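Notes to accompany the following structure.
Counting starts at 1 for both ligands and their atoms, in listed order. All values derive from a computational prediction rather than experimental measurement.
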Amino acid sequence: MDQEKNSKPETKKTEDLKAYHKEIKDTGMTTNQGLKVNDTNNSLKAGERGATLLEDFLLREKITSFDHERIPERIVHARGSGAHGYFELYDSIEQYSKAGIFNDTSRKTPVFVRFSTVAGSKGSTDLARDVRGFAVKFYTDEGTWDLVGNNMPIFFIQDAMKFPDLIHSVKPEPHREIPQAASAHDTFYDFVSHSTETLHNQIWLMSDRAIPRSYRMMEGFGIHTFRLINKEGVSHFVKFHWKPKLGVHSVLWDEAVKISGADSDFHRRDLWDAIEAGQYPEWELGIQVVAENDEFKFDFDLLDPTKLIPEELVPVQIIGKMTLNRNPENFFAETEQVAFLPGHIVPGIDFTNDPLLQGRLFSYRDTQLSRLGGPNFHQIPINRPVVPTHNNQRDGMMQTEIPKGQTAYFPNSISAGCPHLAKMAEGGFTSYEERIDARKIRTRSESFNDHFSQPALFYRSLSKWEQQHVADAYTFELGKCMQQPIQERMLWVIAQIDEGLAQKVAKGLGLEVPKSIEQPINQAIGADADVEKHQPPQKKNYLDASPSLSQANTKFDSIATRKVAVLVADGFSMENFRKMSDALTMEGAMVKIIAPHGGKVICDENMEHKVDAAILTTESVLYDAVYIPGGTKSIATLKTEAKFIKFINEAFMHCKAIAADAQGQDLLDATYVVSCKNDKAVSINQEAQAFIEAIAQHRNWDRMDEVKKIPV
Ligand code: HDD
């Protein structure tokens, strides 16, 4: 891996991008016209203290360029981070799809991936409680395929027509532009409580999935049911899943709030650092396949994007792996300008009539026109396919190509019919010929009407600690609502998911769960209000629980890339530190030295060690575990610094693994750890292995009730 890391691994796409790289090394400064510049600090003036002259083209070029540096941020998913990588197929799935990417196991298909939050602006915190975008651009040999998904397997609404309402409700309220990057406010819950189709995604939003530990530890989902089309033209329904090799892990809300202050770029930095360190993030691609004939065998509609297919009903088949191995050269040129369109598909993949997907097929192209300035956004280097493109589309803002020849129409004879059409056998795209016998009608299918069964399935499938987090999240979010009728309406809808959950939240809010919904609300929003229409007399229970929905059943087999804070001062035990540090780094963990000051710290073998962070500049929430090596002098110093005590207490409160050597125990005795010495994730004077296993478990949730007493 090291060799690969040093040489900065290339894909066909990163090779292609090199043609556009601009090295600014050993070069003099010029204007955009190539004129050598010898002063970029002073404008041209009429006399030393005189007015600046209009003639000053150097000033004008520099300032106008600066004035126009910004492009409109994405209306949603404005905050994001990207990386390059590649996708490899394990086994051909030609029985389902004729797509080259799904047939040819020898290919390394280049990808560019952008992760994002949804609601916040470009500069908002990474740790907002939010859905995360998971958009993958595959540069395939048959053209570009974009799988534009999220880290949750379902969406808030069933029809694209409602998207502007959903987004307007969650964005900062229009009169005072508050709150930033937060769903915890009246307008969002006003909308949610009136549109019960949102409840499934809403309860996922209240779960730990909304506060990931890392982009590298999230699942991704294509959400919609798509089609796979094989060589015979047979269609199968498919749902796409990304499964992270590191498992699915989250932070606690208390951490999220504090990380937002300590390092609001936490996820961006984490992704960048992991790739720079050669710890390449990996996900496996899985598919759930349903034969056309089985379309109606489920208790929900496959075209309804607010429903998932439980993995226990249709298992996920793992078909390949994506590796991210290269950071972008330039954030704006690549991550900001990348344009994902769900309408970018390749032969072998096709759409279904999911009404949310259908609307997206329009929206994404449309948004790039204003975001990237015109119809030629596909010519921006990051958006260019790795295969040549030829057609008769011409001109427009920022045309950077020079199409040669006399013709720009089809059919033509002047250019010998070029560009000619590809026959299907030559890979020409043909849409799946779906039989349709329909009336033109503006309505929602009855089969989409069950809004409560799957949120209830999700909640039932969570572990005790996950359920507690959901209750806490609802209490927090609704507690931030100012209007009691909205809070009560939400309590009523939550009660339709789970009565016990509603009671817990109501207690936290100091309210009662209403027995019914107030009439005036329904009148105000019309007779067709979802709240009335979609109350099923009984929730369907086609599965008691779906274990795959719970993070308690994720992978706990690795500590790779976990950050371990080592708390030291001068005189710390080098022998103990070396043993532990070697064991941790062998397993791929990142060991960070935290000391009372920056610069260097000296161990008991009189060696200098570089300090990674002075205690004043860092916070416990930025690490996964804490280790305290012995050394009498070191421990004595740490004990006198209140922030080290707070650091340990916080890690303990957040249920993290803590290890100390015999003398380190002295320091732990000054913390709340003293009250839980038998805790399975506290290892005192034990072999490194015990600590490693505790870190791999991510958290010790058994501690959850006990640590609530800690006043940090
Ligand atoms: Fe969307 C961006 C994911 C529904 C309209 N969306 C955007 C991005 C992701 C998603 C990951 C960011 C892409 C990037 O990194 O550049 N969106 C989804 C998913 C949806 C979904 C998983 C439902 C399953 N979106 C959706 C609907 C509409 C949009 C129904 C409109 C009708 N989405 C947009 C957009 C954005 C966008 C306004 C903003 C920037 C962009 O497209 O390029 O067009």
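- Distances from atom 23 (C) of ligand 1 to the heavy atoms of Phe155, Phe163, Phe112, Phe134 put Phe155 nearest.
- Taking any N or O of Arg114, backbone or side chain, at least one lies under 3.5 Å from an N or O belonging to ligand 1.
- With a 4.0 Å cut-off on non-hydrogen atoms, Val148 touches ligand 1 through its backbone as well as its side chain.
- In this structure, Phe102 and Trp145 have perpendicular ring planes: the angle between them is above 60°, well past the 30° mark.
- In this comparison of Arg360, His77, Arg74, the heavy atom closest to atom 16 (O) of ligand 1 sits on Arg74.
- For ligand 1, the atoms closer than 4.0 angstrom to any heavy atom of Gly149 are 11 (C), 22 (C).
- Remark: Arg227 engages Glu434 in a salt bridge, criterion side-chain N to carboxylate O under 4.0 Å.
- The Leu356 neighbourhood of ligand 1 comprises atoms 23 (C), 24 (C), 30 (C), with distances under 4.0 Å to a heavy atom of that residue.
- In this structure, Lys137 forms a cation-pi arrangement with Phe340, its terminal cationic atom sitting closer than 6.0 Å to the ring centre and no more than 45° off the ring axis.
- Among all protein heavy atoms, the one lying closest to atom 41 (C) of ligand 1 is Thr367 CG2, 3.4 Å.
- Gln368 and Arg365 share no side-chain donor-acceptor pair at under 3.5 Å.
- Across the listed options Lys162, Arg371, Gln158, Gln368, Gln368 owns the non-hydrogen atom lying nearest to atom 43 (O) of ligand 1.
- Within the listing of ligand 1, atoms 11 (C) sit less than 4.0 angstrom from a heavy atom of Gly133.
- In this structure, atom 44 (O) of ligand 1 lies nearest to the protein heavy atom Ser363 OG, 3.2 Å.
- In this structure, Leu228 CG and Phe240 CZ are separated by 5.0 Å, a value rounded to the nearest 0.5 Å.
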side-chain contact (heavy atoms from CB on, under 4.5 Å) for Gln202 and Phe188? Distances and angles first, verdict last.
CA-CA 10 Å; Gln202 169 60 28; Phe188 184 57; 3.2 Å; yes

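- Closest to atom 38 (C) of ligand 1 among all protein heavy atoms lies Ile75 CG2, 3.2 Å.
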Please evaluate residues Ile494 and Leu199 with respect to the criterion side-chain contact (heavy atoms from CB on, under 4.5 Å), reporting the C-alpha separation (whole Å), side-chain torsions for both, the decisive distance (0.1 Å), and the verdict.
CA-CA 8 Å; Ile494 296 169; Leu199 290 178; over 6 Å; no

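- Between Phe115, Tyr364, Phe340, it is Tyr364 that holds the heavy atom closest to atom 6 (N) of ligand 1.
- Of the protein's heavy atoms, His224 NE2, 3.4 Å lies nearest to atom 24 (C) of ligand 1.
- Ion pairing between a basic and an acidic side chain is recognised when a charged N comes within 4.0 Å of a carboxylate O; Arg114 and Glu334 show no such pairing.
- Contact check for Asp130 versus Val170: no side-chain heavy atoms found under the 4.5 Å cut-off.
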